[in-house]
Amino acid sequence: MTFLNAAQAISKMENNIKIVRFKDNLDVVCFLEEQEDYTYNISEPMIFEIRNSNLLMQHWLPMGMLKENKVNIKIEDVLCIMDPDNEFA
C-alpha cells in the first residue's frame, strides 16, 4: 500500500466514525457502514459515558469470545446516527 492509499484509507475510516443511539437508549461510538440488506456493519464499538467531565469508554462486544470486533445490526434497531465532533472522533 502506498502512502497516498494509506492516507485515503485512514481518511475514509475517520469519516465513518459515528455515534449510534439504539432504541433502548444505548449510545455506541463505532465505525459504521451501511449494507444493502437493510443492516449496518459496525466495528470497534465502544460504550461511552461522561462522568464529572471525564470520558469513560469500554468495549461493547465480548472481545475475548469473538474473532473480530464487528457485528451487523438491523436498521430498525437504531433510533438515530450522529456525527461526533472532531475532538471526540
Side-chain angles (χ1 to χ4, degrees):
M1 180 181 292
T2 66
F3 177 74
L4 183 58
N5 289 342
Q8 289 172 337
I10 290 170
S11 177
K12 183 178 178 184
M13 287 176 55
E14 288 174 352
N15 290 336
N16 288 340
I17 296 174
K18 303 292 183 187
I19 298 172
V20 177
R21 176 164 288 170
F22 291 92
K23 289 183 177 177
D24 65 358
N25 261 356
L26 176 70
D27 291 329
V28 175
V29 63
C30 61
F31 294 103
L32 180 82
E33 293 180 60
E34 190 170 350
Q35 305 298 305
E36 293 180 9
D37 62 352
Y38 302 105
T39 63
Y40 292 114
N41 183 4
I42 62 173
S43 57
E44 306 297 327
M46 302 284 287
I47 298 172
F48 66 93
E49 182 179 343
I50 298 174
R51 282 193 205 158
N52 301 325
S53 301
N54 295 316
L55 177 64
L56 306 172
M57 297 182 77
Q58 67 182 24
H59 290 284
W60 181 49
L61 299 174
M63 290 293 300
M65 302 166 72
L66 301 174
K67 290 182 182 180
E68 295 181 290
N69 191 11
K70 183 185 289 191
V71 67
N72 282 356
I73 57 172
K74 297 178 197 171
I75 286 179
E76 54 266 2
D77 292 334
V78 174
L79 181 62
C80 63
I81 297 170
M82 300 164 274
D83 291 316
D85 67 16
N86 291 338
E87 291 181 21
F88 188 75

Between Asn69 and Pro45, is there a side-chain heavy-atom distance shorter than 4.5 Å? yes
Side chains of Ile81 and Leu32: closer than 4.5 Å at any heavy-atom pair? yes
Asp77: which residues meet the salt bridge (Lys or Arg N to Asp or Glu O under 4.0 Å) condition with it, sequence neighbours left out? none
Which residues pass the salt bridge (Lys or Arg N to Asp or Glu O under 4.0 Å) test with Glu36, sequence neighbours left out? none
Inter- and intrachain pairs under salt bridge (Lys or Arg N to Asp or Glu O under 4.0 Å), touching residues 42-62, at least two apart: Glu49-Arg51
Looking at Asn52 and Asn54, would you say the former's side chain and the latter's main chain have a donor-acceptor pair under 3.5 Å? no
Is the side chain of Lys18 donor-acceptor paired with the backbone N or O of Val28 at a distance under 3.5 Å, no angle test? no
What pairs of residues pass the ring-ring contact (aromatic ring centres under 6.0 Å, His included) test when at least one of them lies in residues 34-65, not counting sequence neighbours? Phe22-Trp60, Phe48-Phe88
By side-chain contact (heavy atoms from CB on, under 4.5 Å), Asn72 pairs with (sequence neighbours left out) Thr39, Asn41
For Arg21 and Met82 the tightest heavy-atom approach is CB-CE, 4.0 Å
Return the minimal non-hydrogen interatomic distance between Cys30 and Ser43, and the atom names on each side. CB-O, 3.5 Å
According to a 4.5 Å side-chain heavy-atom criterion applied to Ile, Leu, Val, Met, Phe, Trp and Tyr, with indirect links allowed, do [X] and [Y] form part of one hydrophobic cluster?
| X | Y | answer |
| --- | --- | --- |
| Ile47 | Ile17 | no |
| Val20 | Met57 | no |
| Ile75 | Ile42 | yes |
| Met46 | Ile19 | yes |
| Val78 | Leu26 | yes |

